[in-house]
Amino acid sequence: MHITLQCLAVKAQNALSHKYVVAKDIKVDKFMHQFQLSDQTIMDISLRFRREMDKGLCRDTNPTAVVKMLPTYVHSTPDGTEQGEFLALDLGGSNFRVLLVRVMGNGEQKVEMENQIYDIPEHIMRGSGSKLFDHVADCLANFLEKKGMKNKKLPLGFTFSFPCQQTKLDESFLLSWTKGFKSSGVEGKDVVSLLRKSIEKRGCIMNYSGIICLGTGTNACYMEHMRNIELLDGDEGRMCINTEWGAFGDDGALEDIRTEIDRELDAGSLNSGNQLFEKMVSGMYQGELVRLILVKMAREHLMFKGKTTPGLLTTGHFLTSYIYDIDTEKLEGLASTEKVLRGLDLDPTAEDCKATRRVCHIISKRAAHLCAATLVALLRQIRDNKAAEKLRTTIGVDGSVYKNHNAFSRRLNKMVRRLVPDCDVRFLLSQHGSSKGAAMVTAVAFRFAAQQAERQRILDTLRLSRQQLLEVKRRMSEQMLRGLSKQTHEQSSLKMLPTYVRSTPDGTEHGDFLALDLGGSSFRVLLVRIESGERNNVDMHHKIYSIPQEFMQGTGDELFSHIVTCIADFLEYMGMRGASLPLGFTFSFPCHQSKLDEGILLQWTKGFKASGCEGQDVVTLLKEATRCKGEFDLSFVAVVNDTVGTMMTCGYEDCQCEVGLIVGTGTNICYMEEMQNVELVEGDDGRMCVNMEWGAFGENGELDDFCTKFDQEVDEFSNYPGKQRYEKMISGMYLGEIVRNVLIEFTAKGLLFRGKDPERLRTRGIFETKFLSQIESDRLAMRQIRSILQHLGLTGSTCDDSVLVKEVCAVVSRRAAQLCGAGLAAVVEKIRQSRNLNQLSVTVGVDGTLYKRHPHFSSIMQETLQDLAPQCQVTFHKSEDGSGKGAALITAVACRMDRCGQEI
Ligand code: 0WK
Ligand code: BGC
């Protein structure tokens with residue numbers, strides 16, 4: 001509606017504008033040539049201001065910057081759910097107002113307002129600060145009295161239109177008075193506590209928040225990205241920056257365009273040397289600039305026949321509002337000019353009136369163009385922050401000059417569009433002053449605080465204390481002992497499966513070995529050539545194959561026949577068709593083994609569910625499939641778990657490696673246990689690698705008191721409800737789902753996506769864990785998180801939503817890493833105690849996409865481990881070759897021992 005009006009006005013304006021050209025006046029234009037700035041100069045000033053903005057935002061240069069770029073602690077804008085009654089005070093503009101604002105949270109952005117204007121007498125503006133704030137408190141009490149709300153406790157928003165250094169939303173230190181205010185004992189003080197003291201002295205009760213300013217002075221604020229606000233910690237989201245652009249030029253940056261008149265005005269002002277930009281632009285000074293010019297031109301006999309009058313010679317006697325009436329398209333513009341000049345006891349000629357009008361036009365035009373220059377710098381900053389080709393934005397405007405002087409607002413809009421034609425800028429005139437804004441900031445702060453409290457309450461259910469992590473470690477240790485013991489093995493959730501891998505390579509191994517690596521995010525067939533002698537002389541070739549869902553969840557025959565087809569393809573690809581090689585099979589699922597080349601599948605995990613396999617020996621199933629294919633012959637030597645393969649792969653480079661850890665699609669761990677503790681296997685000498693299958697930890701309820709409803713949801717809709725509970729709180733297959741469930745809860749409670757439930761969010765598995773790793777990467781800007789959300793079909797998300805999604809991801813992955821660290825602490829402590837060592841130093845070979853790709857998982861896991869097992873020095877060795885190499889090495893060791901007639 002407004003825009004139309006605006007356009008109409010503009011159309012009419014243009015129609016008129018063609019008529020409304022304040023005739024050039026050679027005399028005046030010559031006298032004021034310095035006030036007429038070319039587009040080039042305006043653009044240059046805009047670039048200078050942009051540099052000042054950077055200085056203000058930068059931690060090192062901020063102390064000396066004149067454009068202070070003050071953080072306001074306003075992070076969010078209204079989202080339509082705000083509601084309630086709020087009081088607002090509006091001090092510093094042309095009027096002091098007290099307001100009652102009712103915000104209806106029904107999404108219609110409906111706001112009702114009642115207000116009362118109170119006078120701030122000059123002696124109070126220039127008296128003591130306590131008098132000023134007592135006066136404000138008196139006005140507030142008077143307002144509440146009138147509204148019959150004397151004892152009602154309402155949130156208060158305080159619009160205080162002066163440069164303030166804020167440290168939080170409800171604490172703000174006055175840097176310097178401007179615009180005719182000069183109360184003593186306030187500069188450097190927190191104006192909220194000064195107001196609080198006066199109000200309490202008066203016996204009223206309030207709770208405070210929020211400060212914004214636009215008015216007799218000039219200033220602008222905008223939403224800046226936190227990562228650019230170096231004065232504050234945190235890179236997430238945005239914050240409103242109060243530029244305090246009135247001080248632009250206080251360091252001499254505008255000396256080349258400031259005129260003698262500007263310097264004269266400044267010298268006569270209350271705060272000379274400060275607010276130099278404001279003194280060229282704002283309503284408090286435009287009239288005075290015109291007066292000083294008229295005086296100078298009179299004295300140089302260019303006007304008023306060289307006569308001046310006391311009225312003309314008196315500071316402040318040419319009001320800026322006169323310019324609104326004089327510099328107007330309205331025909332009575334000249335008449336108004338004469339009326340004003342006669343009001344100053346002058347006897348103007350028609351020429352004098354035209355000249356005065358031209359002076360007003362030039363002063364106002366310069367002010368509008370200077371404002372456009374700084375505004376364009378802001379628009380460019382916002383556009384660059386968004387990395388947007390085209391910026392579409394709305395500028396909220398208020399202030400008597402913009403409101404009452406059409407020519408000014410038109411010139412400002414026009415110059416902005418001329419300077420940034422690639423920006424689609426809409427000017428929205430504030431109808432209710434900035435105090436509605438202050439009330440909205442208060443409402444947003446309240447909504448934000450309430451929402452933040454609810455978000456943290458929900459996220460706290462996913463946060464584990466050190467005590468809880470110690471308890472997880474204790475329960476893991478307990479289950480390990482139960483799993484190792486013949487008596488209690490069946491009752492333990494940790495199967496502690498003997499792997500029959502007892503020895504590690506001694507460097508004499510050699511030969512070609514085929515290895516299969518099934519169970520992770522990809523299936524690999526490898527040819528591993530080992531030359532005896534120096535370690536690390538292993539040559540590997542591999543090919544990655546996919547395992548289609550229908551084979552993962554079809555019949556065992558289909559799955560194993562597909563595996564054999566891949567082997568055949570690989571042998572073909574390697575030109576080894578029909579070759580017969582010893583095979584090491586990494587089969588990353590829980591298997592009961594009674595010997596190295598046999599593995600009875602206990603149960604499928606992760607996404608696998610092929611029928612007819614559980615309870616079967618997977619080596620036999622593979623042999624059968626190979627026989628059916630009849631294209632090649634393989635001698636099956638070893639079936640190993642991927643943790644064992646990983647330990648062996650890393651152990652080949654680091655002999656201290658006695659633990660194998662996988663944190664990938666699934667999670668699991670193995671370690672070298674003393675034979676006397678492996679009660680399921682005869683013999684007490686030496687050690688054997690035990691596959692703990694720790695993914696199953698929690699199946700006996702060990703984790704119930706740490707499980708949230710989001711975990712229950714994941715378990716309920718998983719392939720095996722009740723199974724793999726620990727894995728479902730840690731591994732890559734499930735973290736994304738936990739996050740998705742939390743996001744659904746947040747949306748349902750209106751804490752995210754403005755409560756609008758994006759249908760796509762209800763699609764299981766849509767929020768893959770890889771997105772956590774991307775979203776949590778420190779290098780990712782908020783807009784990139786938004787594009788991930790967009791990619792997921794979660795369109796219409798805000799910057800705040802991105803911040804929140806990142807926080808949810810961080811909480812969920814942190815818990816996973818801590819749980820993993822607590823489990824690992826139990827394992828290394830077990831090794832230390834079994835070996836009666838005071839200090840243990842051991843290497844953990846680790847693999848898995850989550851561990852390798854998540855930006856913070858490994859460090860948080862290691863921190864937790866260090867904290868919970870301080871007597872263990874643990875080195876992590878990331879496996880670069882995968883567990884297939886490990887399987888080949890185990891096969892090579894078995895072949896070597898077989899050659900030597902040793903028992904494997
Ligand atoms: C690579 C290993 C493989 C293991 C996988 C686990 O070679 O045996 O299963 O890591 O990580 P994921 O692929 O599940 O992330
Ligand atoms: C399996 C383990 C495997 C782990 C990592 C789990 O789901 O039960 O055998 O080691 O995933 O791949």
Side-chain angles (χ1 to χ4, degrees), residues 493-497 499 501 515-526 528 540 542-547 552 584-593 599-609 613-614 618 638-650 659-671 689-699 718-720 723-736 768-770 772-773 816 820 823 845-854 857-858 877-890:
S493 59
L494 292 177
K495 291 298 169 240
M496 307 303 282
L497 302 165
T499 66
V501 172
L516 307 178
D517 184 350
L518 177 74
S521 43
S522 56
F523 169 50
R524 285 189 285 186
V525 182
L526 307 90
V528 182
M540 290 197 339
H542 77 270
K543 204 170 170 190
I544 292 183
Y545 296 88
S546 73
I547 304 284
M552 287 166 79
F585 185 10
T586 302
F587 184 74
S588 312
F589 302 93
C591 289
H592 175 71
Q593 293 190 262
I600 309 297
L601 175 60
L602 296 175
Q603 67 170 66
W604 282 121
T605 64
K606 290 168 274 188
F608 282 73
K609 213 176 179 168
C613 301
E614 289 177 341
V618 291
V639 58
V640 298
N641 185 264
D642 52 355
T643 54
V644 182
T646 298
M647 183 188 78
M648 196 58 87
T649 298
C650 301
V659 178
L661 171 66
I662 296 285
V663 190
T665 319
T667 182
N668 188 15
I669 193 165
C670 72
Y671 70 100
C689 179
V690 168
N691 166 12
M692 288 181 56
E693 285 297 334
W694 77 355
F697 179 55
E699 290 184 8
S718 71
N719 287 337
Y720 324 92
K723 298 288 184 191
Q724 301 292 97
R725 299 309 301 268
Y726 188 59
E727 177 164 89
K728 285 171 182 164
M729 295 167 83
I730 291 176
S731 78
M733 183 152 183
Y734 305 102
L735 290 190
E768 294 169 49
T769 299
K770 69 176 179 193
L772 267 85
S773 300
C820 214
V846 56
D847 206 336
T849 34
L850 182 59
Y851 182 91
K852 281 182 167 174
R853 301 219 186 114
H854 189 280
F857 190 100
S858 55
H877 186 122
K878 236 191 260 181
S879 164
E880 298 312 333
D881 301 319
S883 63
K885 175 180 175 182
L889 287 166
I890 290 166

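One-based numbering, in listed order, for ligands and for the atoms of each.
Scanning all protein heavy atoms for the shortest distance to atom 8 (O) of ligand 2 gives Glu693 OE1, 2.7 Å. Distance from atom 13 (O) of ligand 1 to its nearest protein heavy atom, with residue and atom name: Ser521 OG, 2.5 Å. The protein non-hydrogen atom at the shortest distance from atom 6 (C) of ligand 2 is Glu727 OE2, 3.0 Å.
Looking at Val846, Thr643, Thr665 and measuring to atom 12 (P) of ligand 1, the nearest heavy atom belongs to Thr665. The closest non-hydrogen atom to atom 4 (C) of ligand 1, taken over Val640, Leu518, Asp642, comes from Asp642.
Short contacts between ligand 1 and Gly520, defined as distances under 4.0 Å to a heavy atom of the residue, involve ligand atoms 9 (O), 13 (O), 14 (O). Near Ile662, with a cut-off below 4.0 Å to any heavy atom, the atoms of ligand 1 are 6 (C). Heavy-atom contacts of Gly882 reach the following atoms of ligand 1: 7 (O) (cutoff under 4.0 Å). Atoms of ligand 1 found under 4.0 Å from any heavy atom of Ser588 (numbered from 1 in listed order, with element): 9 (O). Close contacts between ligand 1 and Gly664 involve ligand atoms 11 (O), 12 (P), 14 (O), 15 (O) [criterion: under 4.0 Å to a heavy atom].
Between Trp604 and Phe587, the ring center distance clears the sub-6.0 Å criterion.
Side chains of Val663 and Cys820 form a contact here, defined as non-hydrogen atoms less than 4.5 Å apart.
Residue-level proximity to ligand 2 for Asn641 is carried by the side chain, the only part with a heavy atom below 4.0 angstrom. If you look at Thr849 next to ligand 1, the close heavy atoms, those under 4.0 Å, come from the backbone and the side chain alike.
One finds the NZ atom of Lys495 at 10.5 Å from the CD atom of Glu693 (value rounded to the nearest 0.5 Å).
In summary, Asp847 and Lys852 engage in a salt bridge, as defined by a charged side-chain N under 4.0 Å from a carboxylate O.
The side-chain hydrogen bond (donor to acceptor under 3.5 Å, both in side chains) test with Asn691 is passed by exactly one of Asp642, Thr499, Asn668: Asn668.
Under a 4.0 angstrom heavy-atom cut-off, Gly645 registers as lying outside contact with ligand 1.
Glu699 places a side-chain N or O within 3.5 Å of a backbone atom of Gln724 that can act as its donor or acceptor partner. With hydrogens and angles disregarded, a donor-acceptor distance shorter than 3.5 Å links the side chain of Gln593 to the backbone of Val639.
Of the N or O atoms in Phe589, one or more lie within a sub-3.5 Å distance of an N or O in ligand 2. At least one N or O atom of Arg524 sits closer than 3.5 Å to an N or O atom of ligand 1. At a 3.5 angstrom cut-off on N or O pairs, Asp642 counts as close to ligand 2. Not a single N or O atom of Thr643, backbone or side chain, sits closer than 3.5 Å to an N or O atom of ligand 2.
Classified by interplanar angle (parallel below 30°, tilted 30° to 60°, perpendicular above 60°), the ring pair Tyr851/Phe857 is perpendicular.
What you find for Gly666 and Lys606 is that their closest heavy atoms are N-CD, 3.6 Å.
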